[in-house]
Undergrad: 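I'd like to ask some things about the structure below.
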There are 2 protein chains.
Amino acid sequence: MKLASSRDRAPGRPVSRQVLADHVYEELLAWLMDGRLEPGAAVSIDGTARELDVSPTPVREALARLEHTGMVRRVALKGYRVAPVFTREDFAELMEARLAIEPVNARLACRRLTPEGLADLRGAVKDLETAPRGPSFVEFRDYLEADERFHKLIAEQSGNQFMLAAYNALGGQVQRFRLFGGVGITDAEQAIAEHQAVFEALASGDPEQAAAAMADHVHKVRARAIADAPAD
Amino acid sequence: MKLASSRDRAPGRPVSRQVLADHVYEELLAWLMDGRLEPGAAVSIDGTARELDVSPTPVREALARLEHTGMVRRVALKGYRVAPVFTREDFAELMEARLAIEPVNARLACRRLTPEGLADLRGAVKDLETAPRGPSFVEFRDYLEADERFHKLIAEQSGNQFMLAAYNALGGQVQRFRLFGGVGITDAEQAIAEHQAVFEALASGDPEQAAAAMADHVHKVRARAIADAPAD
DNA sequence: AAGAGACCATTCCTATAGGATTTGTCTATG
DNA sequence: CATAGACAAATCCTATAGGAATGGTCTCTT
């Protein structure tokens with residue numbers, strides 16, 4: 001694989017405003033989200049550099065950023081590894097945190113909600129409804145993407161940069177759990193209905209109702225996951 | 001200034017398990033917390049490398065990590081800058097986020113609170129009471145440190161790694177606000193009393209009371225800051 | 001005098017090289 | 001057979017060099 005280097009670009013059109021480390025970051029993030037990198041797998045700096053046909057320097061910078069998201073962990077002099085699988089305790093903690101943050105996001109977003117924001121949310125819900133939900137990963141990838149996008153849109157439209165930062169501190173982990181947490185994609189019907197409920201509450205303009213709908217959704221996600229969870 | 005390089009260490013005692021980039025990260029963080037780097041100031045990669053007598057590579061890695069904390073911002077091909085001063089809106093958003101997160105931390109910490117944890121908290125409150133509070137920075141530096149430590153201890157003792165991550169996403173900003181937000185150190189008496197109230201609520205073992213005390217504290221911090229705020 | 005263009009110093013960005021550390025394997029010994 | 005030690009390959013970590021972009025200054029033109 002070869003990423004476009006900055007000096008490959010035609011002169012006079014440096015509209016990119018992105019450097020190689022940014023591309024590497026996004027590529028690694030995609031690998032993690034795709035499940036191409038399994039939990040616990042080593043992420044070699046030199047190896048990744050060879051794979052992407054760049055030098056180790058931008059790879060090192062990209063991994064330093066990723067570490068702060070919790071997606072990868074670093075051990076000095078030993079390298080980076082994809083964060084390990086979720087335990088049952090990790091999951092309980094994650095849901096506790098989501099319950100503290102996401103209903104607040106919904107309440108705030110309900111206030112400053114613009115017509116454009118509402119349209120974006122409607123689009124995410126639509127995509128969630130129509131996305132294929134086959135057994136293999138490539139088939140429910142779009143479903144997961146729409147799910148994540150819905151929650152992230154709400155965080156963005158809270159209008160609060162710090163709540164967005166707090167959600168992002170969780171967001172990657174939420175996505176990671178969706179991939180590796182064990183609860184496959186068996187709850188699509190109910191999850192879609194709950195997302196619709198959140199959307200309608202937001203559209204209605206009642207902040208408390210929006211917060212309650214979001215809290216209800218997270219509660220039910222937790223309940224379903226616990227019910228489906230394999231016996232560790 | 002010269003940081004200890006890994007190959008300066010005597011052979012056979014590599015107990016450090018830290019690499020140069022870690023030292024650079026901590027040094028830069030100290031500079032930011034100390035106020036030695038003012039908001040908006042440029043943080044040159046090469047310049048910092050010369051200052052610390054290391055190569056730009058570890059500096060680059062340290063800054064990549066710092067960017068994710070919000071303490072510095074990066075513009076591609078232009079370099080890093082210390083995040084700009086807080087506006088009144090930024091402050092309002094930060095307090096909103098703290099209200100969403102910190103009372104939950106207090107409630108959780110109140111449950112799993114260990115005797116050691118309680119002792120640590122007591123120590124932080126004591127340090128807050130006894131810290132000097134002179135006009136110059138070096139004189140109230142310990143005060144700010146104890147304040148930050150108290151809140152961080154509660155986040156840690158929530159026992160929830162994600163709530164801790166969410167707080168850390170805010171923590172740096174909270175500290176930054178304390179330094180640059182305008183509200184000097186005029187509210188020490190009241191702030192100390194509120195911290196004592198939070199501590200006693202935690203010690204009493206009533207989670208809801210602990211959450212309420214923390215919410216009350218954040219509310220009052222906000223109220224005082226708004227009252228003291230300079231006219232932009 | 002005001003603005004446009006060229007030049008230069010500074011800084012960022014990437015690649016490369018080499019030392020330091022870890023890890024796996026292989027052999028020798030008790 | 002088990003274990004300790006040595007060797008080798010892979011990897012991480014830091015330094016250095018040079019291309020590329022930016023910002024400021026200076027000069028020239030209108």
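Bear in mind the structure is a predicted one, so any value in this text is a computation, not a measurement. Each chain gets a letter, A, B and so on, in the order its sequence line appears, and its residues count up from 1.
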Undergrad: Between C1' on D:dC12 and CD on B:Glu61, what's the gap in Å once rounded to a whole number?
TA: 10 Å

Undergrad: For C:dC13, does either OP1 or OP2 sit under 4.0 Å from a side-chain N or O belonging to B:Lys78?
TA: no

Undergrad: Tell me the interatomic distance from B:Arg81, atom CZ, to C:dT11, atom P, rounded to whole angstroms.
TA: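 In whole Å, C:dT11 P and B:Arg81 CZ are 12 Å from each other.
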
Undergrad: Return the value, rounded to whole Å, for the distance between atom CG of A:Asp22 and atom P of C:dC12.
TA: 15 Å

Undergrad: Counting any heavy atom closer than 4.0 Å, what does B:Thr57 reach on the DNA or RNA strands: base, sugar-phosphate only, or nothing?
TA: base

Undergrad: Assess the side chains of B:Glu89 and A:Gln161: does a donor N or O sit below 3.5 Å from an acceptor N or O?
TA: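 There is no such pair (donor and acceptor under 3.5 Å, judged by atom type) between the side chains of B:Glu89 and A:Gln161.
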
Undergrad: B:Leu20 side chain: which of D:dT22, D:dA15, C:dT14 is closest?
TA: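 Among D:dT22, D:dA15, C:dT14, the one nearest the side chain of B:Leu20 is D:dA15.
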
Undergrad: Using whole Å, what does the distance between atom P of nucleotide C:dT11 and atom CG of B:Leu63 come to?
TA: 14 Å

Undergrad: Within this structure, what is the CG-to-C1' distance between B:Asp53 and D:dT16, rounded to whole angstrom?
TA: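 Nearest whole value for this atom pair: 14 Å.
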
Undergrad: Among the candidates C:dC12, C:dT14, D:dC13, find the nucleotide nearest to the side-chain atoms of A:Arg60.
TA: D:dC13

Undergrad: Between C:dT11, D:dT22, C:dC13, spot the one nearest the side chain of B:Ser44, thanks.
TA: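 Nearest to the side-chain atoms of B:Ser44, counting from C-beta on, is C:dT11.
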
Undergrad: Are OP1 or OP2 of D:dC13 and a side-chain N or O of A:Arg74 less than 4.0 angstrom apart?
TA: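 Looking at the OP1 and OP2 atoms of D:dC13, one of them is under 4.0 Å from a side-chain N or O of A:Arg74.
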
Undergrad: So B:Val24, base contact, sugar-phosphate only, or nothing? Heavy-atom distance under 4.0 Å.
TA: nothing

Undergrad: Where the side chain of B:Pro56 is concerned, which of D:dT16, C:dT14, D:dG23 is the nearest nucleotide?
TA: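 Per side-chain heavy atoms of B:Pro56, the pick is D:dT16.
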
Undergrad: Mind running side chain to side chain contact (heavy atoms under 4.5 Å, CB included) on A:His151 and A:Met214 for me, showing each step along the way?
TA: CA-CA 10 Å; A:His151 288 271; A:Met214 178 64 85; 3.9 Å; yes

Undergrad: Pick the closest DNA chain C nucleotide for A:Ser55 and for B:Arg50 by heavy atoms, then say which residue is nearer the 5' end.
TA: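 Counting from the 5' end, the first nearest nucleotide belongs to B:Arg50.
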
Undergrad: Over how many whole Å does the gap from A:His23 atom NE2 to C:dT14 atom C1' extend?
TA: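 So the NE2-C1' distance, A:His23 to C:dT14, works out to 13 Å.
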
Undergrad: Using whole Å, what does the distance between atom P of nucleotide C:dA15 and atom CD1 of A:Ile45 come to?
TA: 15 Å

Undergrad: Among side-chain atoms of B:His195 and B:Asp147, is any donor-acceptor pair under 3.5 angstrom?
TA: yes

Undergrad: Identify whether NZ of Lys or CZ of Arg in A:Arg133 sits under 6.0 Å from the centre of the six-membered ring of A:Phe140 and within 45° of that ring's axis.
TA: no

Undergrad: The side chain of A:Ala21 lies closest to which of these nucleotides: C:dT14, D:dA15, D:dG23?
TA: C:dT14

Undergrad: Calculate the interatomic distance between B:Asp46 atom CG and C:dT11 atom P; express it in whole Å.
TA: 7 Å

Undergrad: Rounded to the nearest 0.5 Å, how far apart are CZ of A:Phe162 and CD of B:Glu96?
TA: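 Separation between the atoms: 11.0 Å.
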
Undergrad: Report which part of the nucleic acid A:Val43 touches: base, sugar-phosphate, or nothing (heavy-atom distance under 4.0 Å, all strands).
TA: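 The answer is sugar-phosphate, as A:Val43 gets under 4.0 Å only of primed atoms, P, OP1 or OP2.
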
